[in-house]
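Ligands are counted one by one from 1 in listed order, and the atoms in each one are counted from 1 as well. Hydrogens, waters and symmetry mates play no part in the numbers below; they use all other heavy atoms, side chains included. Keep in mind it's a predicted model, so treat the numbers as computed, not measured.
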Amino acid sequence: MCGIVGYVGPNSSIDVLLRGLSRLEYRGYDSAGVAVIGTDAHLRTRKHAGKLKVLLDELKASPIQDGQTGIGHTRWATHGGPTDGNAHPHLGDAGKLALIHNGIIENFASLKEELLLDGETFTSETDSEVVAIMAGRAYRETGDLTRAMREVVARLEGAFTLLIVHEDRPGEVVGARRNSPLVIGLGDGENFLGSDVAAFVEFTRRAVEIGQDQIVTIRPDSVEVTDFDGNPVETREYEIAWDASASEKGGWSSFMRKEISEEPDAVANTLRGRVHEGEVLLPELGVLDDAVLASLDRIVIIGCGTAAYAGMLGTYAIESWARIPVEVELSHEFRYRNPVINERTLVVSISQSGETMDTLMAVKYARGEGARTLSICNTQGSSIPRESEAVLYTHAGPEVAVASTKAFVAQVTALYLLGLHLASVRGTLSADEITASINELLAIPGKLADVLIASADIGQLAGWMADTRSVLFLGRNVGFPVALEGALKLKELAYIHAEGFAAGELKHGPIALIEPGQIVFVIVPSPRDPNSLHPKVVSNIQEIRARGARVIAIAEKGDAAVLPFADEVIPIPLAAPMFEPLLAVVPLHIFALELATAKGLDVDQPRNLAKSVTVE
Ligand code: AGP
């Protein structure tokens, strides 16, 4: 997620902006920049790909005129790779206006087309520059920065936090937000704007939230907030509860806890701009056009660890919806087993980092064998997308904790979008069936938010189990990958033996592991499951309870059949069976986090592990 800072006041804006941006580094980014109205009333910008230090060194080597009005930005690339040219701020009105942006402008292509036809030129690949040009034109027409912002936001679709400054308006920063955070910091003779309070908490603890579809104009001695039509709105001031040191993680105790809390947004942002009026829109597939997709006779999904488990869910969904054979393989196994693949095989690689060497080498191998290649990745411009013919980016935002959480739900979301698109292209689902599944996906972020609330006491459950030495996870059909993911999280974080099994496999050996007190999580299928696997899994629970297991069931809210047989039941909201894994996985992420926390372990940097395994 991008970091945003704005400042007006008597002090050096460069100093305030850079200190604010450094507090936002935890959000993850790949370029940084500032725009300042100098005391000579000229606007100057400096921006660079890379970390904030690159920008700092550049400003030290060749300083720019400082002033008391400025905006600063750290960019997490979405449209356009992490380059100097794509870094923010972007300029309008012949370089007199600067803009920074966090979010995704869904209709930027049509807006850009309009501007190009009207003679405008662009220097970047970003959606943000389109808005900067629009803002410059609007300012030239209105001569008023706030009105210019009003005109611009009226034409935008998607998610955005915007800040603009203009050299004709020193002492003024105008911001706007829709589906993306922006907060005001109130100072004494100075005011601040930030993507979160970390941007200014070292200068002031007084903050004001800005609501949806609102515009704010800050000056050193005034703050005005209106709706998008210019009507003043009520605001509420509050005291920031934590200090600058906690701001490293936006107030969260760990990146992992922060990233689990972002799982609803990870799904929402991955869907954003890709579903419209009952259709899936994936223009990013590029050369993998409908003809190519219709010609495929097989799909192989490759990945490692959590990414592979997301891929497993993709196999269930895509094969069921698009009626094409789909299998998932661990990248490092696929690469060396001499698989039969050709131009009618689509190899889909899943990777949060886009740098996992096992997966990168497998993609290179697949291309060498003539297969079509698509990557699903969370990191713009990384190696695996560059090696693939096309990429579907998951917009989960930077995932800093080694244990992957929000990337998993985003990867599954992207795979489900791919499956529905394939079903549409291949005519294997009706328009109504596709619409119904899209609606299920659109409902997931809200249901995930409910799961987060309902999982509040998992910490207590984990505390009781802090000394356990072994936990098993059972799941069936789409619950099986969830069981594997839950086991992996526990291994990674709590360093205890954990194993996931297909529930149907229990009687073929694993049940010998069951002894009194053995903790077993069971992901229970929906009682509405068309395969009617629910009674089979309830029988599994009875079998292991009869042998002394302690059963924690993840079950659909209201599933009364489970209650008599489980020691604990963690309810999840109702969803169509294929979509329940997106909900069932979150309590397992939380359980692993809480058990590791109870053991006093480092949940962000577990021992022996790296966030991206860049060696084979
Ligand atoms: C997941 O929690 C682990 N950190 C690990 O299994 C990870 O999913 C795997 O290394 C793949 O990483 P990638 O998604 O960046 O390719």
### Query
Has Thr359 got any heavy atom lying under 4.0 angstrom from an atom of ligand 1?
no

### Query
Is the closest heavy-atom distance from Lys489 to ligand 1 below 4.0 Å?
yes

### Task
Scan side-chain atoms only and decide if Ser128 and His88 contain a donor-acceptor pair under the 3.5 Å cut-off.
yes

### Message
Can you tell whether the side chains of Glu389 and Arg367 come within less than 4.0 Å, N to carboxylate O?
### Response
no

### Task
May I ask you to say whether Arg337 pairs ionically with Glu329, meaning some side-chain N is under 4.0 Å from a carboxylate O?
yes

Which protein non-hydrogen atom lies closest to [atom], naming both residue and atom, and how far is it?
atom: atom 11 (C) of ligand 1; value: Cys304 O, 3.4 Å
atom: atom 10 (O) of ligand 1; value: Val613 CG2, 4.2 Å
atom: atom 8 (O) of ligand 1; value: Thr306 N, 3.2 Å
atom: atom 15 (O) of ligand 1; value: Ser353 OG, 2.7 Å
atom: atom 12 (O) of ligand 1; value: Thr356 OG1, 3.4 Å

Within-cut-off N or O pair, [X] and ligand 1, under 3.5 Å:
X: Ala403; answer: no
X: Gln411; answer: no
X: Ser404; answer: yes

### Task
Compute the centroid of each ring, for Phe501 and then for Phe480, and state whether the two points are separated by less than 6.0 Å.
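That pair fails the under 6.0 Å test.
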
#### Entry: Which residues share a ring pair (Phe, Tyr, Trp, His ring centres under 6.0 Å) with Tyr365, sequence neighbours left out
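Once residues adjacent in sequence are excluded, Tyr365 has no partner under the ring pair (Phe, Tyr, Trp, His ring centres under 6.0 Å) criterion.
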
### Task
Output all residues satisfying ring pair (Phe, Tyr, Trp, His ring centres under 6.0 Å) with Phe591, sequence neighbours left out; order by chain, then residue number.
Phe521

Ligand-side contact atoms (ligand 1) for residue partner [X], heavy atom cut-off under 4.0 Å:
X: Gln352; value: 13 (P), 14 (O), 15 (O), 16 (O)
X: Val402; value: 2 (O), 4 (N)
X: Gly305; value: 6 (O)

### Message
Please evaluate residues Glu485 and Thr306 with respect to the criterion side-chain hydrogen bond (donor to acceptor under 3.5 Å, both in side chains), reporting the C-alpha separation (whole Å), side-chain torsions for both, the decisive distance (0.1 Å), and the verdict.
### Response
CA-CA 6 Å; Glu485 165 63 7; Thr306 288; 2.8 Å; yes

### Task
Can you label the angle between the Phe408 ring and the His589 ring as parallel, tilted or perpendicular, going by 30° and 60°?
perpendicular

### Task
Measure up the Tyr416 and Trp321 rings against each other and bin them: parallel (under 30°), tilted (30 to 60°), perpendicular (over 60°).
perpendicular

### Message
Regarding atom 3 (C) of ligand 1: of the candidates Glu355, Glu492, His589, Glu399, which has the closest heavy atom?
### Response
Glu492

